[in-house]
Each structure stands twice: as C-alpha cells, then as structure tokens.
Amino acid sequence: MSRYQPTAQLDDPTTSSANATMENPELQRIINWLIDGARSSRGPAEMIADACEQLVAAGLPLWRFGVFIRTLHPEIFGRNFIWRQGEEVEVGTVDFEILDTPEFARSPLKIVFEDGLEVRGRIDDIDTRRFPFLEDMRAEGVTDYIATPMRFLDSSIHAISWTTRHPGGFSDDDIATIRSIVAPLARVSEIVTLRRTAATLLDTYVGNRAGERILGGQIRRGHNDTMQAAIWLSDLRGFTALSDRLPAETVVDILNRYFDCQVTAIRAHGGEVLKFMGDGLLAVFPIDEYVGDATHVCTRVLEAAREARASVDALAHPVGDVIERFRFGVALHVGNILYGNIGGGNRLDFTCIGPAVNLAARMEKIAGRLGRTVVASEAFADVCQHDWRDLGDFPIAGFSKAQRVYGIAEETPVVMA
C-alpha cells in the first residue's frame with residue numbers, strides 16, 4: 001500500500017495526539033506555549049526556531065522543518081520559513097509563477113494545498129521517486145518526510161513539512177507528537193499572518209506611512225496631522241483620447257506599466273504614493289528629522305522625477321501594427337499639508353489636502369500647456385539647488401496672486417498638437 005494517504009486513512013489523529021500529550025509533559029508545555037502566543041519569541045522566524053529546538057529537546061528527532069503560508073498579496077503566492085538543526089531560519093517568498101512550474105506539479109505540498117491531505121514518504125520507499133524534492137532530501141541523508149495540512153479558521157489550507165535523519169524514520173509516537181503540534185501552531189501562525197496581511201493590504205492600498213498610522217489606531221474621522229512635505233502630482237498626456245480609441249483591457253495594461261515607471265522611482269527616493277486618480281498620481285515625500293532637511297528631500301524628489309521621465313520615455317506598448325509611445329507631466333511643490341482621515345459615515349480615505357496640494361494640481365495643468373515634463377513651484381526651486389529655467393508668472397485659479405513656475409533647464413519643451 002502507498003504511504004501517501006490522507007490522515008484519516010492512517011490512524012485517529014485526535015486519539016494519538018491526546019495520548020502523546022498525556023505521556024509527555026514537556027510536549028504539553030510546548031503546546032501551551034504556542035496557545036499562549038509564543039510570547040517569548042520576538043517574531044515568526046524566532047518562534048519557529050524556538051519551537052523546533054524545544055521539540056528536539058522533548059525527543060522529536062527533527063532535522064528539517066518548513067512552514068509554508070499562502071498570502072493575500074497581489075504579487076506573492078506565499079512565504080516560507082525553513083529551519084535546519086544548527087542553522088538560522090531561512091525566510092523566503094515565492095510568486096504566483098511557481099504554480100505553473102514542473103517542480104510544484106510534482107511536489108508533496110501540491111497535494112497538501114489542493115486536497116488537504118497528509119503526505120508521508122519514507123525515503124527508502126520506491127514511491128518517493130515521483131517526488132523530485134524527496135530525492136533531493138535523500139541526498140542530504142533524510143530518512144523520513146511528512147507534510148501536514150495546517151488549516152486556518154477561514155478554511156484556507158497551508159502546510160508544514162517535517163523531516164528526520166533518524167535511522168528508521170519517524171516512529172508512531174513521533175507522528176503523534178507532530179499531529180499534536182499542528183493545531184496550536186496553526187492558531188498562532190494565523191494570528192501572525194492576519195496581522196501581516198492587514199499591514200500588507202494597507203501598504204498596498206493606502207501606502208506604508210498611512211498604513212502604520214491606521215494600524216496604530218488613527219481610524220476615526222478627523223484624526224489628522226500637519227506635515228511638511230514635497231508634493232508630486234502627475235498626469236498622463238492624451239489619456240482621454242487613448243481611452244477612446246483602445247480597448248479598456250489595453251488601457252488598464254498601459255496604465256499599470258505607466259504607473260510602474262513612477263512608483264519605482266518614487267519609493268526608491270523616499271516617497272509614498274497616496275492615490276491613483278485615473279491617470280493621475282499623488283505622492284508625498286515627508287520632510288522631518290528622520291529623513292533629512294528640505295533641500296535633501298527635494299533633491300531626491302527631482303532625481304525621482306528624472307528617473308520617471310526616462311522610464312516613461314522608454315515605455316513602448318505595441319497595439320496591432322502600431323507602437324504606442326507616452327508622455328506625462330509632473331508638478332513639484334513643497335509646503336505644509338493636512339494628512340489624515342477624511343470622508344463620510346464609515347467610508348474614510350487617508351489622504352492629504354491643503355493649498356499646497358491644490359497648487360501642485362493647478363501647476364500640473366500648466367506643465368501640459370507649456371509642453372514640459374517637469375515643472376516646479378518657486379518654493380520648490382528655492383529649496384532644491386538646480387539649474388532651473390524661469391518660465392514666468394501664471395494666474396492660478398483660487399489663489400490671490402500669480403505663481404512663478406520653473407522648468408528644468410536641460411529639458412526641451414514639446415509643442416503640443
């Protein structure tokens with residue numbers, strides 16, 4: 001009979017786990033420690049190392065241990081934590097492309113994830129040859145392998161793998177010990193995962209700085225702070241015409257690639273993207289004692305604008321026999337903004353408002369009229385030491401006096417058709 005079988009076909013895990021804890025007080029102590037949240041550990045990796053070392057001390061002949069957590073993330077399929085005796089815990093991530101690889105198709109974990117079954121393979125069993133990973137384990141001296149499903153309360157299935165080098169593999173008592181640990185480990189892992197998921201989703205949808213504040217309790221309408229920041233407000237040229245003549249799916253793909261050109265540069269230079277507005281992008285670069293003075297921050301903002309300009313210039317999107325090229329404009333300003341929760345009822349937005357943001361929005365339109373990619377306010381140009389070109393004074397709707405606008409000296413204006 002094959003050793004690759006669901007748990008229910010082996011023996012009763014509930015009975016064997018209960019017996020294991022009754023016969024081993026040290027095991028019960030480890031279970032209680034996990035149920036209590038593994039408070040003595042400072043993070044997931046340390047918790048896994050502590051748990052494995054305690055299990056080994058309690059008599060489990062564990063050599064390698066892996067936890068595989070599926071994530072709610074737009075780019076990452078899951079995270080893995082690998083412990084080996086005498087080594088630091090390895091923490092890694094895998095993207096969604098792994099699902100299409102031959103390695104995953106022939107992995108024991110695929111059975112765990114998709115069918116929720118326990119998979120066991122003694123390395124000397126001929127059936128292990130259908131799993132290339134177990135062949136690799138054989139080369140490392142492993143004698144036995146078990147992969148167990150780890151179920152969260154939302155019914156999602158994650159996985160744990162256990163390997164040993166002990167002659168003869170895991171005993172029945174060892175397997176009972178393993179099964180007794182899965183449920184408490186699942187509970188503490190789920191709590192850690194939920195908090196990380198919340199932070200990831202907040203980072204993805206509202207930005208890192210706003211996400212930290214929301215998790216910190218700033219969730220009521222009216223919670224806000226005044227912050228000095230450099231402001232970035234950009235827009236894709238000709239987007240309305242582009243949307244009218246191309247399929248919606250193509251437009252979405254173009255927008256994603258276009259925003260990639262900016263977001264990469266913004267984040268690399270200390271900025272935070274607050275909002276995507278159609279083809280527009282609003283970002284801030286906070287100025288405080290942690291990131292340097294205004295001159296330092298604004299110099300990085302200008303460098304980000306140059307990098308984004310080069311990336312957008314290089315962007316080419318084939319549509320049929322035509323290669324689409326793109327232009328954009330960005331207005332740079334520096335000033336005080338009100339940063340916090342604004343909205344109605346229970347629907348809030350963590351954003352920034354104020355005259356400084358309004359000025360940046362108006363200046364971006366001026367950049368389009370002048371055929372410029374990058375324009376800056378007088379306040380920004382005064383702070384950021386650069387070879388600026390004075391483009392003149394312009395009346396700005398809602399402002400009592402005209403505002404002086406500057407462009408990058410080396411940039412040649414493009415005559416708009």
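This is a predicted model, so every value here is computed, not measured.
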Is the shortest side-chain heavy-atom distance between [X] and [Y] below 4.5 Å?
| X | Y | answer |
| --- | --- | --- |
| His317 | Ile323 | no |
| Pro132 | Glu103 | no |
| Trp162 | Ile160 | yes |
| Phe152 | Thr193 | yes |
| Ser234 | Tyr258 | yes |
| Arg179 | Ile175 | yes |
| Ile146 | Ile178 | yes |
| Thr351 | Ile342 | yes |

Do [Y] and [X] meet the salt-bridge criterion of a basic N to acidic O distance under 4.0 Å?
| X | Y | result |
| --- | --- | --- |
| Glu410 | Arg389 | no |
| Glu411 | Arg309 | yes |
| Arg300 | Glu303 | no |

Nearest atoms (heavy-atom pairs only) where [X] meets [Y]:
| X | Y | value |
| --- | --- | --- |
| Ala356 | Ile337 | CB-CG2, 4.2 Å |
| Val374 | Ala305 | CG2-CB, 4.2 Å |
| Gly116 | Pro149 | O-CG, 3.5 Å |
| Ile123 | Leu134 | CD1-O, 3.9 Å |
| Val297 | Pro286 | CG2-O, 3.9 Å |
| Val301 | Ala230 | CG2-CB, 3.7 Å |

Under a 3.5 Å cutoff, is there a donor and acceptor pairing between the side chains of His269 and Glu307? yes
Return a table of donor-acceptor pairs under 3.5 angstrom between the side chains of residues 244-255 and protein atoms on other chains or two or more places apart.
| residue | atom | partner | partner atom | Å |
| --- | --- | --- | --- | --- |
| Arg245 | NH1 | Glu324 | OE2 | 2.6 |
| Arg245 | NH2 | Glu324 | OE1 | 3.0 |
| Arg245 | NH2 | Glu324 | OE2 | 3.4 |

Residue pairs passing the ring pair (Phe, Tyr, Trp, His ring centres under 6.0 Å) test with at least one member in residues 38-64, sequence neighbours excluded, are none
Any idea how Phe113 and Phe104 line up, ring-wise: parallel (<30°), tilted (30 to 60°), or perpendicular (>60°)? parallel
Under 6.0 Å between ring centres: does that hold for [X] and [Y]?
| X | Y | value |
| --- | --- | --- |
| Phe276 | Phe259 | yes |
| Phe68 | His158 | no |
| Phe380 | Tyr406 | no |

Please lay out, stage by stage, how Thr148 and Val112 fare under the test side-chain contact (heavy atoms from CB on, under 4.5 Å). CA-CA 7 Å; Thr148 55; Val112 176; over 6 Å; no
Counting N and O atoms only, with roles assigned by atom type, does the side chain of [X] sit under 3.5 Å from a partner on the main chain of [Y], one being a donor and the other an acceptor?
| X | Y | result |
| --- | --- | --- |
| Thr226 | Leu338 | no |
| Arg325 | Asp313 | yes |
| Thr143 | Pro167 | no |

Start with the C-alpha gap between Ser377 and Leu332, add the side-chain angles, then the distance that decides, and say whether side-chain contact (heavy atoms from CB on, under 4.5 Å) holds. CA-CA 6 Å; Ser377 68; Leu332 307 177; over 6 Å; no
Interatomic distance, [X] atom [atom1] to [Y] atom [atom2] [nearest 0.5 angstrom]:
| X | Y | atom1 | atom2 | result |
| --- | --- | --- | --- | --- |
| Leu233 | Asn358 | CG | CG | 10.0 Å |
| Ser311 | Arg257 | OG | CZ | 11.5 Å |
| Ile69 | Glu190 | CD1 | CD | 9.5 Å |
| Thr373 | Ile408 | OG1 | CD1 | 8.0 Å |
| Asp174 | Leu55 | CG | CG | 10.5 Å |
| Leu359 | Ile231 | CG | CD1 | 8.0 Å |

Pairs where residues 144-154 contributes a residue and the test salt bridge (Lys or Arg N to Asp or Glu O under 4.0 Å) is met, not counting sequence neighbours: Arg120-Asp144, Arg122-Asp144
Selection residues 353-366 - residue pairs positive for salt bridge (Lys or Arg N to Asp or Glu O under 4.0 Å), sequence neighbours left out: Arg237-Glu364
Neighbour count above 12 (heavy atom, 6.0 Å) for [X] [atom1]:
| X | atom1 | answer |
| --- | --- | --- |
| Arg306 | CZ | yes |
| Arg165 | CZ | yes |
| Arg195 | CZ | no |

Show the numbers, then the answer: is there a side-chain contact (heavy atoms from CB on, under 4.5 Å) between Glu140 and Arg84? CA-CA 12 Å; Glu140 295 188 34; Arg84 284 185 174 87; 3.9 Å; yes
Donor-acceptor pairs under 3.5 angstrom involving side-chain atoms of residues 32-50: please list them, not counting sequence neighbours.
| residue | atom | partner | partner atom | Å |
| --- | --- | --- | --- | --- |
| Asn32 | OD1 | Gln28 | NE2 | 2.9 |
| Asn32 | ND2 | Gln28 | O | 3.3 |
| Trp33 | NE1 | Ser40 | OG | 3.0 |
| Asp36 | OD1 | Arg39 | NE | 3.3 |
| Asp36 | OD2 | Arg39 | NE | 3.1 |
| Arg39 | NE | Asp36 | O | 3.0 |
| Ser41 | OG | Asp50 | OD2 | 2.6 |
| Arg42 | NE | Glu46 | OE1 | 3.0 |
| Arg42 | NH2 | Glu46 | OE1 | 3.2 |
| Glu46 | OE2 | Arg42 | N | 3.3 |

Name each donor-acceptor pair under 3.5 Å that joins a side chain in residues 85-98 to protein atoms two or more places apart or in another chain, with its distance.
| residue | atom | partner | partner atom | Å |
| --- | --- | --- | --- | --- |
| Gln85 | NE2 | Leu62 | O | 2.7 |
| Asp95 | OD1 | Glu97 | N | 3.1 |

Using the ring pair (Phe, Tyr, Trp, His ring centres under 6.0 Å) rule, pick out the option among Phe133, Phe131, Phe170 that qualifies with Tyr145. Phe133
Yes or no on side-chain contact (heavy atoms from CB on, under 4.5 Å) for Leu302 and Trp388, after CA distance, side-chain angles and deciding distance? CA-CA 11 Å; Leu302 180 58; Trp388 296 101; 4.0 Å; yes
